[in-house]
Number of protein chains: 4
Amino acid sequence: MATQQTDEKIIKAFSKLVLKLGYQGTTTKRIASEAGVNESTIFRHFKDKHSILEQLVNTYSRDIEQIGQSFEFTGDIVQDLMRVATIYHDFVANHQVVFLLGLRESYRFPEIGQALRQLPKRFKNLVVTNFNEMVEAGEIRATANVTEEATNFILLNFGNAVFTYAYPTARLQVPMKAFLAENIRTFAEHLQ
Amino acid sequence: MATQQTDEKIIKAFSKLVLKLGYQGTTTKRIASEAGVNESTIFRHFKDKHSILEQLVNTYSRDIEQIGQSFEFTGDIVQDLMRVATIYHDFVANHQVVFLLGLRESYRFPEIGQALRQLPKRFKNLVVTNFNEMVEAGEIRATANVTEEATNFILLNFGNAVFTYAYPTARLQVPMKAFLAENIRTFAEHLQ
Amino acid sequence: MATQQTDEKIIKAFSKLVLKLGYQGTTTKRIASEAGVNESTIFRHFKDKHSILEQLVNTYSRDIEQIGQSFEFTGDIVQDLMRVATIYHDFVANHQVVFLLGLRESYRFPEIGQALRQLPKRFKNLVVTNFNEMVEAGEIRATANVTEEATNFILLNFGNAVFTYAYPTARLQVPMKAFLAENIRTFAEHLQ
Amino acid sequence: MATQQTDEKIIKAFSKLVLKLGYQGTTTKRIASEAGVNESTIFRHFKDKHSILEQLVNTYSRDIEQIGQSFEFTGDIVQDLMRVATIYHDFVANHQVVFLLGLRESYRFPEIGQALRQLPKRFKNLVVTNFNEMVEAGEIRATANVTEEATNFILLNFGNAVFTYAYPTARLQVPMKAFLAENIRTFAEHLQ
DNA sequence: AATGAATGAGAATTCATTCAT
DNA sequence: TATGAATGAATTCTCATTCAT
């Protein structure tokens, strides 16, 4: 069996289990059985259990760099913020494991916390840049406090993401689509 | 030594340790040494380790009922929202342990998740009620989408709380006081 | 069961097994079953497996200090050397485990090597002192090379001890009693 | 690659590692990496890990037969014993690995012990023969106890060898050259 | 009511060895 | 012949919990 396939099987099993069982609950024995490999095989592919997580975090960090590369402002604040929020939530959805581990385990593994903090930073920059351009273009009221609005925007999205993924069983009755379509719109309209 | 004192010592030790070390990191051995009691004494006071957490959650649930009992709207939206936000953050600050455990461990202990979800619900109700009254009184634009604004308000505060307590080392550079004074004000002003 | 009893049972079991099976062969599982305690009990009495060995080494080091405290030279070289040799071999016999572990494992646990090297040093000093006094008293030829003779004496005894304990099944056909009675006598007489 | 080359590479790697790390510390993984071959290749060349050691022991046993074949007594006791001692120490130096493994692991692998015991036997014979001839020739005092002197000579050299190789970091401050030149001379002179 | 001692069920990891190519 | 991948058995150690006093 090709090495990479096994790598992937292990990572997949790890990811799946971590969501259900947390990091500690995801024992190497369970990973092995979920991945359909021998327990010791895990250690031929990863130095130790923690390295599996590390690899996920690395992927996360690499992916962060790509975010918003091709983003282009349309000048329509509602459209733009909805797209930024969508990108944000797609990213989180694609990196649920790291996102959740960051929430749950960053006190144990500082590297995760560090990686995670890049995300809001990056998005805030994106939003602030957007806002400033729009203020100049007169599309946002000149009186708007750009920094605070940007922070609020990030916190709003972050709060929603945490709610969605940390309490998956009973979300605050705002499905993600509705959140993006309505709550973000509501927020955006205030700026016009 | 009176039973209750020992109970409290154990709960205190547990709470202190959980913040630093998480639930699993908070071993009964460490609880005992932090509380200054024998490890087996813990099991005379609590059925098992999980029951310590349960008791904290019960206190949390009881305290939630008290929230906003005596809250009175002034009719000034900025003032009111700032007060609601303050109450929210004070509550979270006083129940950090449960708040964090909810974030980290609710996937393992559904009861925590359940208890925690009461908080935003309750606050949302408080805010919605407030908003509706204000809309009637003409202090909030009639066109405002009350439910969404309330949700946004809650998510914003929740997001900030998570940031503050889950990543204590590197918060998004918004100290709580500033957040309450400025970010909430900014949010509130949009509604006028 | 009193703590010390269990301590001793573990140490005894460890010692017995190490002689047969070496350090690595002496697994905690085997120690437990030999000592009649649960495997995890070992770790409540000793920080880790290595600490059991450490304790033996400490005892060894402490005992070394006592050696020869009450030794008094009779002035008869044959008698004196036979007594020194007897003390040496009794000491080794009473500390077989550490002696053997030193031989076998000192490359892994430098502390053992360090402790072990005290023994020949100490004995050499004892012998050199003895010799010098005797040279002055005219009981040893003035031409004798005291240091070299002392070294030879130590190496001779050390060699015999290693042979006896490292290859217990087939000693060089010199039983310890005979060695002390005859070989040491032979050595001693050369000095007169 | 010729089979023998690989054989040798593995033996070489094994020998080098065993000196530093002992038998158990010399894992097949490390042997492979030191030898520059794949781990599983080892098992195509040797039935199992133990067989590598076996082969070394066989070489040792074969080499023992050669010892002293061409040795000729000069009749000068000092010269002769110094030469015997030199041959002994050269042999040990050339077979350090087996010598050390014998010291450390003979309790596990009796064959090593068996092989090792040949060495002192053989040398003792050599010395006894020598001594007897000299006694006849009047070069050694007729009163000398030949067997005991021979045993002492062997144990002295053995003791020195163990000290040198088992505690390489802190030998009893007698460098091998000095030992051969002076200690052996001292010993020899007593026989004249 | 509190303690000290002991326990059993795992947990992560290592290692010699085998198997398929 | 040599390799890369996989394995199973074993090892040290941890932890919540129970038992006897």
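Within every chain, numbering begins at 1; the chains are lettered A, B, ... in the order of the sequence lines, protein sequences first and strands thereafter.
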(message) Just the rounded figure in Å: distance from P of dA1(E) to CD1 of Ile42(B).
(response) 16 Å

(message) Check whether Gln96(B) reaches the backbone of Val92(B) with its side chain - one donor and one acceptor, N or O, closer than 3.5 Å.
(response) no

(request) Convert the base pairs of DNA chain E into dot-bracket notation, remembering that pairs crossing earlier ones are written with [ ] and that bases paired across to another strand are shown as |; include only Watson-Crick or G-U pairs under 3.5 Å. (result) .||||||||||||||||||||

(message) Taking salt bridge (charged side-chain N to carboxylate O under 4.0 Å, His left out) as the definition, give me every residue that meets it alongside Arg108(D), ordered by chain and number, with sequence neighbours left out.
(response) Glu105(D)

Please produce a list of atom pairs where a protein N or O lies less than 3.5 Å from an N or O of nucleotides 11-14 of chain E.
residue: dA12(E); atom: OP1; partner: Lys49(A); partner atom: NZ; Å: 3.0
residue: dA12(E); atom: OP2; partner: Thr28(A); partner atom: N; Å: 2.8
residue: dA12(E); atom: OP2; partner: Thr28(A); partner atom: OG1; Å: 2.9
residue: dT13(E); atom: OP2; partner: Lys49(A); partner atom: N; Å: 2.9

(message) Could you work out, with side chain to side chain contact (heavy atoms under 4.5 Å, CB included) as the rule, every residue matching Ser15(C), not counting sequence neighbours?
(response) Ile11(C), Leu56(C), Val97(C)

(request) Please name all residues satisfying side chain to side chain contact (heavy atoms under 4.5 Å, CB included) with Lys29(B), sequence neighbours left out, ordered by chain then number. (result) Thr27(B), Glu39(B)

(request) Establish, with yes or no, whether the OP1 or OP2 oxygen of dG4(E) is under 4.0 angstrom from a side-chain nitrogen or oxygen of Asn38(B). (result) yes

(request) Report yes if a side-chain nitrogen or oxygen of Thr6(B) is closer than 4.0 Å to either non-bridging phosphate oxygen (OP1 or OP2) of dA1(E); otherwise report no. (result) no

(request) Output all residues satisfying ring pair (Phe, Tyr, Trp, His ring centres under 6.0 Å) with Tyr23(D), sequence neighbours left out; order by chain, then residue number. (result) Phe109(D)

(request) Look at Arg44(D) and dT1(F) and indicate whether a side-chain polar atom (N or O) is within less than 4.0 Å of OP1 or OP2. (result) yes

(request) To the nearest Å, give me how far apart CZ (Phe46(D)) and P (dT18(E)) are. (result) 16 Å

(request) Take atom NZ of Lys9(A) and atom C1' of dA6(F), then tell me their distance rounded to the nearest Å. (result) 10 Å

(request) To the nearest 0.5 Å, tell me how far Glu54(C) CD sits from Ile112(C) CD1. (result) 9.5 Å

(message) Pairing donors with acceptors under 3.5 angstrom, does anything connect the side chains of His50(B) and Glu111(B)?
(response) yes

(message) Under 6.0 Å from the ring centre and within 45 degrees of the ring axis: does the NZ or CZ of Arg104(B) meet both conditions for the six-membered ring of Tyr107(A)?
(response) yes

(message) For dT1(F) and His45(D) - does any side-chain N or O of the residue sit under 4.0 Å from the phosphate oxygens OP1/OP2?
(response) no

